[in-house]
There are 2 protein chains.
Amino acid sequence: MPPAGRPRTFNREEALQRAMLLFWKNGYEGTTMADLVAAIGMKAPSVYAAFGNKDALFKEAVELYTSRVEQGPLNALEQSDSIGQALENSFANSVNMMSSPEISSCLIMAGAINCAPEHQEHVQHLRSLRVVYKETLRNRFLRAKNDGELIEDADPEALAEFYFSFIHGLALRAKDGSTKAELESSCKFALQALALVLRQSQPR
Amino acid sequence: MPPAGRPRTFNREEALQRAMLLFWKNGYEGTTMADLVAAIGMKAPSVYAAFGNKDALFKEAVELYTSRVEQGPLNALEQSDSIGQALENSFANSVNMMSSPEISSCLIMAGAINCAPEHQEHVQHLRSLRVVYKETLRNRFLRAKNDGELIEDADPEALAEFYFSFIHGLALRAKDGSTKAELESSCKFALQALALVLRQSQPR
DNA sequence: GCAATTATGTAACATGGATTACATTATTTG
DNA sequence: CAAATAATGTAATCCATGTTACATAATTGC
């Protein structure tokens, strides 16, 4: 039984998806409510009625992004038993999502950098999501160490920080126009470097 | 002979330096003219008279930043004959400049990401400066290959892209709160990875 | 059909932030 | 001292952008 009142003439999910794509492409500050309203194809009051305000819409968009896009690299990290495979899959996943021609980069990694005072809500929000990725990476390296995949000297925290820096940089390179091939060759080298801390790796 | 007219009551260079520090800390969009005017300690018309407008002031601030701050890592890249030393010095230099407690990160690398439409002038400007860094890195690797420092298989372009991604990421990690120690241990690993492509390196 | 409810479109309002008009003040030159 | 020149402070103006008031339209339940 639909609720009383005039029914919506647009699809909320579809509208959210369009908003997400815009935010992905241009970030929070680079996307105006006018842009969003136009992309959704309705007038401002309808969008406000459906989503609240810009902050709330952004939050929902980021949730959609997280579940649809960011989850890929995150899951890949955990699904393989070998740390090498895990990273390789995660990177491949990241590069793919960063390489859509019109959109490019990563909403979370490349979002709201140096754009607004630190205390603004969306800045904190994105940062906390970056922390999630970092923690996932960190836990994966701790597990690898535990599993005996890494040499004694290997420092999982440092490795996580290194690979996270690299991934973070990839997102910016994508934003700055690096091709998929360039991103991929970067990743290839980053993965080769893992040999330096793998226990069973055979030096060439 | 000073020009006719009332003399300025503030030091232009000092004002520019303060503006640069603000832009460094908060980026172009995160810094308002009101902030700048307050930091300089004058009223808006005086600042406009001295610097033109926000864009022009930003441009001058970035020039100051480039010559005073960014030049360090760039010079370090070229001043050493060994690619390993060159990178090590450049990274150390970068980490130092990114680690000032109150300021942190890099004006050029972390500036104007996903904050404003691509076509805005300051966005293009920062991007072009990033290209300079990338090109310097690329040329340094080409030279290393030429000098016989690298193995046959080494791809200087890919190496440049990788290390630039990493440096780019470092800037964001710094912005996101990584400690100097974390940045340093990341760099250490990144430099160890160079062994994979160094001709004379002895595998362990 | 009528009341209640919710969406829509038009047209505003509110705010923050870049920029400037104008009168005034301080300095050099003649 | 007068004229010219340039800086200063006050107080606006302009504009983009987020947000909402209000009248109207479409739907449900009685």
Side-chain angles (χ1 to χ4, degrees), chain A residues 1-16 18-19 22-23 25-62 112 114-123 125, chain B residues 1-16 18-19 22-23 25-62 112 114-123 125:
Chain A
M1 54 209 127
R6 179 172 177 174
R8 200 170 269 143
T9 60
F10 66 99
N11 183 315
R12 194 180 187 280
E13 286 180 54
E14 198 179 312
L16 180 58
R18 290 182 189 196
L22 266 190
F23 279 131
K25 186 173 180 184
N26 299 324
Y28 179 91
E29 297 86 359
T31 309
T32 70
M33 282 304 294
D35 293 340
L36 293 163
V37 162
I40 290 172
M42 297 298 298
K43 299 304 163 78
S46 299
V47 175
Y48 277 86
F51 297 102
N53 60 10
K54 188 182 179 182
D55 268 29
L57 176 52
F58 183 69
K59 210 163 187 175
E60 275 200 66
V62 170
N114 237 334
C115 302
E118 306 278 315
H119 61 272
Q120 285 194 21
E121 199 160 345
H122 70 274
V123 177
H125 186 209
Chain B
M1 54 208 128
R6 180 172 177 172
R8 199 172 267 143
T9 60
F10 65 99
N11 183 314
R12 193 180 189 279
E13 284 180 55
E14 199 178 312
L16 180 58
R18 290 182 188 195
L22 266 190
F23 279 130
K25 186 172 179 186
N26 299 322
Y28 178 91
E29 297 85 359
T31 309
T32 70
M33 281 306 292
D35 294 340
L36 293 162
V37 162
I40 290 173
M42 296 298 297
K43 300 305 164 77
S46 298
V47 175
Y48 277 85
F51 296 104
N53 60 10
K54 188 181 179 182
D55 268 29
L57 176 52
F58 183 69
K59 210 163 187 175
E60 273 199 66
V62 170
N114 237 335
C115 301
E118 305 277 315
H119 62 271
Q120 285 193 19
E121 199 160 346
H122 69 275
V123 177
H125 186 208

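Bear in mind the structure is a predicted one, so any value in this text is a computation, not a measurement. Throughout, protein chains are lettered first and strands after them, A, B, ... in sequence-line order, and every chain is numbered starting at 1.
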Measure from [atom1] on [X] to [atom2] on [N] and round the result to the nearest Å.
| X | N | atom1 | atom2 | value |
| --- | --- | --- | --- | --- |
| Phe51(B) | dT19(C) | CZ | P | 14 Å |
| Tyr28(A) | dT17(D) | OH | P | 13 Å |
| Arg8(A) | dG9(C) | CZ | P | 13 Å |
| Phe58(A) | dT19(D) | CZ | P | 14 Å |
| Tyr48(A) | dT8(C) | OH | P | 15 Å |
| Met33(B) | dT13(D) | CE | P | 20 Å |
| Leu36(B) | dT19(C) | CG | P | 11 Å |
| Arg12(A) | dA7(C) | CZ | P | 11 Å |

Discussion item. Pick the closest DNA chain D nucleotide for Gly5(B) and for Asp35(A) by heavy atoms, then say which residue is nearer the 5' end.
Written reply: Gly5(B)

Side chain of [X] - closest among [options]:
| X | options | answer |
| --- | --- | --- |
| Ser46(A) | dT28(C), dT8(D), dT8(C) | dT8(C) |
| Thr32(B) | dA6(D), dA18(C), dA21(C) | dA18(C) |
| Ala44(A) | dT8(D), dT8(C), dT20(D) | dT20(D) |
| Lys43(B) | dG9(D), dG18(D), dT27(C) | dG9(D) |

Discussion item. Between the base of dT8(C) and the side chain of Arg6(A), is there a donor and acceptor pair under 3.5 angstrom?
Written reply: no

Worksheet item: Which heavy atom of Thr9(B) sits nearest a heavy atom of Met42(B), and at what distance?
Response: OG1-CE, 3.5 Å

Practice prompt. Return the minimal non-hydrogen interatomic distance between Leu22(B) and Ala39(B), and the atom names on each side.
Written response: CD1-CB, 3.8 Å

Item to complete: May I ask you to test the Val123(B)-Tyr28(B) pair for a side-chain heavy-atom distance under 4.5 Å?
Response: no

Practice prompt. Enter the distance from Lys59(A):NZ to Phe51(A):CZ here, rounded to the nearest 0.5 Å.
Written response: 15.5 Å

Fill in: 5′-ward residue of the pair Pro7(B)/Ala4(A) relative to DNA chain C
Ala4(A)

Worksheet item: Does Thr9(B) put a side-chain nitrogen or oxygen below 4.0 Å from OP1 or OP2 of dA26(C)?
Response: no

Worksheet item: Touch check for Pro45(B), heavy atoms < 4.0 angstrom, all strands: base, sugar-phosphate only, or nothing?
Response: base

Item to complete: Anything under 30° is parallel, anything over 60° is perpendicular, the rest tilted; go ahead and classify Phe58(A) against His122(A).
Response: perpendicular

